[in-house]
Each structure stands twice: as structure tokens, then as C-alpha cells.
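Comments concern the structure below.
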Amino acid sequence: MAYVYVKNEEDAIVVFQQTVLQAMESINQLREPIYFSTWLTRICINTAIY
């Protein structure tokens with residue numbers, strides 16, 4: 001998903017790393033565990049955009 005937005009492998013790796021870090025820091029804010037995948041994807045997209 002990160003690569004789709006940044007279109008560069010190195011940048012996609014950085015986006016992925018930042019996504020994982022941000023998800024680990026804010027996992028307690030996830031209200032419904034069933035939506036984990038959607039939540040993580042949204043973090044990835046937001047990270048790639050900014």
C-alpha cells in the first residue's frame with residue numbers, strides 16, 4: 001500500500017517503518033480489534049500522504 005502512494009521502493013520502506021512505529025505507539029486507541037487491518041491501512045496511507 002505504501003508503494004502505491006509513494007512510487008519509490010526506498011520511500012515505501014520508510015513509510016512502512018513509520019507506520020509500524022506509529023501503530024505500536026497508538027495501539028491502545030484502537031477501539032474495535034476487528035478493524036485492525038483497516039486501522040493499520042489508514043495509518044499507512046496517512047503516513048504516505050504527509
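Just so you know, these numbers come straight off a predicted model, no measurement behind them. Position 1 is the first residue of the sequence; numbering continues from there.
From Tyr5, atom OH reaches atom CG of Asp11 across 15.5 Å, with rounding to the nearest 0.5 Å. Here Tyr35 contributes atom OH and Leu30 contributes atom CG; the two are 11.0 Å apart, rounded to the nearest 0.5 Å. Atoms CZ and OG1, from Phe36 and Thr41 in turn, are 9.0 Å apart once rounded to the nearest 0.5 Å. One distance of note links CD1 of Ile27 with CD of Gln22; it measures 11.5 Å at 0.5 Å rounding. How far CD of Glu32 is from CH2 of Trp39: 13.5 Å, rounded to the nearest 0.5 Å. A distance of 11.0 Å separates CD1 of Ile43 from OG1 of Thr38, quoted to the nearest 0.5 Å.
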* To do: Under the side chain to side chain contact (heavy atoms under 4.5 Å, CB included) rule, what do Arg42 and Ile45 come out as? Steps first, then yes or no, please.
  => CA-CA 5 Å; Arg42 193 71 238 169; Ile45 291 169; 3.6 Å; yes

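Hydrophobic clustering keeps Ile13 apart from Val4 (ILVMFWY residues linked when any side-chain heavy atoms are closer than 4.5 Å, directly or through intermediates).
Closest approach of Glu10 to Asn8, counting heavy atoms only: N-OD1, 2.9 Å. Between Ala12 and Ala2, the shortest heavy-atom distance links the atoms O-CB, 3.8 Å.
Atom CD1 of Ile49 has more than 12 heavy atoms from other residues, nucleotides or ligands within 6.0 Å.
Here the options are Val15, Val6, Val14, the test is side chain to side chain contact (heavy atoms under 4.5 Å, CB included), and the partner is Thr47; only Val15 passes.
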